[in-house]
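Report on one structure; see the data block that follows.
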Amino acid sequence: MQRYNPKEIEPKWQKIWEDSKIYEADNSSDKPKKYILEYFPYPSGAAMHVGHVRNYTIGDAMARFYRMQGFNVLHPMGWDAFGLPAENYAIKNNISPQTAIKENTGKFKQQLMQMGFSYDWSREINSSDPSYYKWTQWFFQLLFERGLAYQKESLQWWCEHDKTVLANEQVEAGKCWRCGNSVSKKSLNQWFFKITDYAERLADDLEKLDWPDGVKAMQRNWIGKSKGAEVDFRVEDANGVIRVFTTRPDTLFGATFIVLAPEHPLIDTLVTDSEKIKVEEYIKTSVQKSEIERQETDRDKTGVFTGSYAINPVNNAKVPIWVADYVLPGYGTGAIMAVPAHDERDYDFAKKFDLQIIEVVQKPEGFEGCYSGEGLMVSSNHYNGLSSSDAREKIVSDLSSQGAAEEKINYKIRDWLISRQRYWGAPIPIIHCQKDGAVAVPKDQLPVVLPEVESFQPTGDGRSVLASIPEWVYTTCPKCGGPAQRETDTMDGFACSSWYFLRFADPHSDNEPFSKDKVKYWLPVDDYIGGAEHAVMHLLYARMWTKVMFDSNLIEFDEPFLKLRNQGMILAPDGRKMSKSWGNVIAPDDIIAQGYGADSVRLMELFIGPWDQSAAWSIEGMGGVFRFLQRVWTLVQEYLASEKGHIDTRALHQSIHRTIQKVTVDISEMSFNTAIAALMECVNELYKIKSVDKYSSEGWQNSLETLVQLTAPFAPHIAEEMWAQLECEGSVHASDWPIWSDDYLVVETMKIAVQVNGKLRAQLVLPSESDEEEVIAAARSDEKIKKYLTTEPEKVIYVAGRLINFVV
RNA sequence: GGGCGAGUGGCGGAAUUGGUAUACGCGACGGACUUAAAAUCCGUUGGUCUAAAAACCUUGUGGGUUCAAGUCCCACCUUGCCCACCA
């Protein structure tokens, strides 16, 4: 008997699948379409480990399942090749990024191939290829034309290690998201995408998405919509006005001082001579303070009095104006009214500097300290007795009529900074002309090709290495023909990934980014699978670009990913994250080399637990899934070797049909671990049944074919091999998904649990067609139950086919 | 401080959404086959008390609702991730 040897069959089928192109998606088909996408990887130096592979295993199981279910499936793969990971790898290994990408995509592709994933490789894309970034630049121009790309000199996050600026989203707790080093601020002239224009739609449209609540919450939080009002405080003895933003205008009567951010432009005119030295000193130290330090929440409040006063518009109260760095310059107006009785931060500040505290919102009974909730108004003149929310509206409308306030919605989100002072990215397609300013490179001259350079080491002077290639930099203005210089910064890698899912619909088009028809057919993405780390970066950017394209009539939908799911992380067997420094990384290559094969790795990835929860990799568990495959294999081999002519029992068909149902429902619900458990259970049952049936009938042939089909989405190689052994037509992966028959789901007997007062006391096996009366009669005559039923039960509860409960 | 999740045998995890808790797998133990081991196959396996049966206990803790709670409600404990002086 032939032994199960994955080392032999897996490469064989991979070759056959590749040659026969069975996974290529058809751009026109009568079948319903399904676009299943996993986030395309950045091919860094390190090979993929079993954690990365899980993501692709999930997508592949679904792609295969839906294909067999009669869908026209698009399941593509490509490379997010531009950006820091690739460039850093190149620098470290002293090779060019071009070479590094070639090496690394080759390695990644080989890893994906050996896993037997059913990608349509004819659609492979690479974001660092001119044929791709030509269109990334084209979209930059689209944004530029629409006023959504602009240049601004400003202080920005700067990573000294990676020698580039970073977007807000790419700074995590004061550290660079790539290298983990602390970041600082640097003033540079930078390009931005105006994502703030889309803040409201990005927040509102989350409603219509089938995404994990956590990701939606993160985006909502990041966009940070808050409704409030801007209120003007007149400066006493001067003409100036200080405009503050507040979400709680109802607490205006409790405002006892004003706080300006140290960067606030009015400070100069407000400071009195006596306070000048102290204020200047304070501003100097707080600006020098590292941003991280300034953002420490539990840091003691600091601040200084300006010597000036402002007038509270609701009651003409004179309130002191302070400067403190707990007020951020970039949000709202950079100035606040402080209400210490009802805001924790203002309370701390008032306590420390001994400022007045006035309560205007009634606290709940027994509440101590600063109260930030809602309630009835007190000490607020004619607003007394109103609820906070009513007072809020009334005060704002009253002040508005005097021109002293207006309703205002603020967002925390800032525009997306996309300039990178690095070599390895799509050049920003702009030419700077003395006369015409920033001029877009005409679309018919795209791509602006990234020139090959000798050294791509970042300079650190705030300009990319492209600045050191005069023959590239110096050019002529497309508008006036005069001398001009190219923009030398490149685009953030996230620009490339903001539209790649569209390119897969039409990956080789040379005269447009994609054909409208093809995109209309394939998009939006039906199932998107990726890590939660993309919650506020890629997923926000891609949504914005999609909306821009929608507004430009390029596409007919304004959300790219209808359904999003985050896979759980695979930890090392020791429970820690896999990392080179811990030395606990497990690559699929190692497991395959040990002889388990890709099919076992794939099964393990899904069987280890719910796919959306993290789990520690189990080395022992590999034996379990391998054993399962081997048991299926053995069933088929023994069947093929058996003498024909026996009959099969109903138990066989019942087992198979029950499994068809369970596996079909479970995969549809993405409950892969229980689908695999059901297959294991079925195989265990078949082992028992085979000794009775001697398995050699046509029923067994059909049953084994079905079992092979049900296994195919998870373990495609062994399934394909057994499909061939059973002499079935074509590929199992192109076969029709089995359908269960309800006849076989009918069982002859049912098991009834008998409870007395909710406690299980006996179990009965009765004919399935028994009615309530018969079941109760049978239960009452049971010896064990009789013991408990000394008196007539008060109540009898019967759950059909399940249980009976006597209440005594 | 805010948001989202999680807590079930020795371990990873199931549980028809309120109806027989511990499916499936790992590990462990026993048996068959073998000169022997591995592999394979067949059993047993939540705990206490037992010779055994019976009984009792058991889904982080404490309450509650219900004929019935891992599941629903309230309070608390532990833990993971994300955001965090955004007025």
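Numbered from 1 within each chain, the chains take letters A, B, ... in sequence-line order. What you see is a predicted model, and the numbers here were worked out from it, not measured in a lab.
A/Tyr788 and A/Asp782 are not linked by any side-chain donor-acceptor pair at a separation below 3.5 angstrom, with hydrogens and angles left out of the test. A side-chain donor-acceptor contact under 3.5 Å links A/Glu685 and A/Ser655. Inspection of the A/Tyr411 and A/Thr196 side chains reveals no N or O donor paired with an N or O acceptor under 3.5 Å. At a cut-off of 3.5 Å, with distance as the only test, no side-chain donor of A/Arg631 or A/Tyr687 sits close to an acceptor on the other residue.
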Pairs: protein N or O with nucleotides 3-13 of chain B N or O, under 3.5 Å:
{"from": "B/G12", "atom 1": "O2'", "to": "A/Ile608", "atom 2": "O", "distance (Å)": "2.6"}

Hey, what are the protein-to-nucleotides 57-59 of chain B N/O distances that come in under 3.5 Å?
{"from": "B/C57", "atom 1": "OP2", "to": "A/Lys759", "atom 2": "NZ", "distance (Å)": "3.1"}

Using the 3.5 Å cut-off, write out each protein N or O paired with an N or O of nucleotides 27-32 of chain B and the distance between them.
none

Quick one: which protein N/O atoms are closer than 3.5 Å to N/O atoms of nucleotides 64-67 of chain B? Pair and distance per line, please.
{"from": "B/C67", "atom 1": "O2'", "to": "A/Asn805", "atom 2": "ND2", "distance (Å)": "3.2"}
{"from": "B/C67", "atom 1": "O2", "to": "A/Asn805", "atom 2": "ND2", "distance (Å)": "2.7"}

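Residue A/Thr246 is classed as a sugar-phosphate contact, given heavy-atom separations below 4.0 Å to backbone atoms only. Residue A/Tyr788 is classed as a sugar-phosphate contact, given heavy-atom separations below 4.0 Å to backbone atoms only. As judged by a 4.0 angstrom heavy-atom cut-off over every strand, A/Lys688 is placed among residues touching the sugar-phosphate backbone only. Using a 4.0 Å heavy-atom distance criterion, A/Phe628 is classed as making no nucleic acid contact. Across all strands, A/Gln763 comes closer than 4.0 Å to base atoms (heavy-atom distances). Note on A/Asp346: nothing from the nucleic acid sits closer than 4.0 angstrom, heavy atoms only.
When each of B/G25, B/A87, B/G19 is scored by its nearest atom to the side-chain atoms of A/Asn684, the top-ranked nucleotide is B/G25. Comparing B/C41, B/G19, B/A87 by their nearest atom to the side chain of A/Arg631 picks out B/C41. Side-chain proximity of A/Phe245 to B/C42, B/A87, B/C24: nearest is B/A87.
Inter-residue side-chain proximity for A/Trp617 and A/Ile591 is flagged as met; some heavy-atom pair is nearer than 4.5 Å.
If you measure from atom CE of A/Met569 to atom C1' of B/C82, you get 12 Å, rounded to the nearest angstrom. Straight-line distance from the NZ atom of A/Lys690 to the P atom of B/C41: 8 Å, rounded to whole Å. One atom, CZ of A/Arg220, and another, C1' of B/A84, lie 18 Å apart when rounded to the nearest Å. Note: CG (A/Asn221) to P (B/C81) measures 18 Å, nearest angstrom. Between A/Met337 atom CE and B/C85 atom P the separation is 20 Å, expressed in whole Å. Spacing between atom CZ of A/Phe626 and atom C1' of B/A38 amounts to 14 Å, rounded to whole angstrom units. To the nearest angstrom, P of B/G2 lies 23 Å from NZ of A/Lys225. The CG-P distance, from A/Asp348 to B/A87, rounds to 17 Å in whole Å.
Comparing the P positions of B/C72 and B/G7 gives an interatomic distance of 11 Å, to the nearest angstrom. Atom name C1', nucleotides B/G5 and B/G63: the rounded distance is 24 Å, in whole Å.
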So what does the secondary structure string of RNA chain B come out as, 5' to 3', with Watson-Crick or wobble pairs under 3.5 angstrom, [ ] for crossing and | for pairs with another strand? (((((((..(((......[....)))((((((.......))))))(((......)))..(((((..]....))))))))))))....
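Taking 4.0 angstrom as the limit, A/Tyr331 places a side-chain polar atom (N or O) nearer than this to OP1 or OP2 of B/A87.
By the 30° and 60° cut-offs, the orientation of the rings of A/Trp416 relative to A/Tyr541 is parallel. Using cut-offs of 30° and 60° on the angle between ring planes, the pair A/Tyr39 and A/His538 is perpendicular.
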Pair A/Phe257, A/Phe349 - check ring pair (Phe, Tyr, Trp, His ring centres under 6.0 Å), show working. CA-CA 10 Å; A/Phe257 56 102; A/Phe349 195 81; 5.6 Å; yes
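A search for salt bridge (Lys or Arg N to Asp or Glu O under 4.0 Å) contacts involving A/Glu393 returns nothing, not counting sequence neighbours.
For A/Phe626 and A/Tyr4, the ring centers sit closer than 6.0 Å to each other.
For B/U17, the base is syn relative to its sugar; the glycosidic angle is within 90° of 0. Anti is the glycosidic conformation of B/G43, whose angle departs from 0 by more than 90°.
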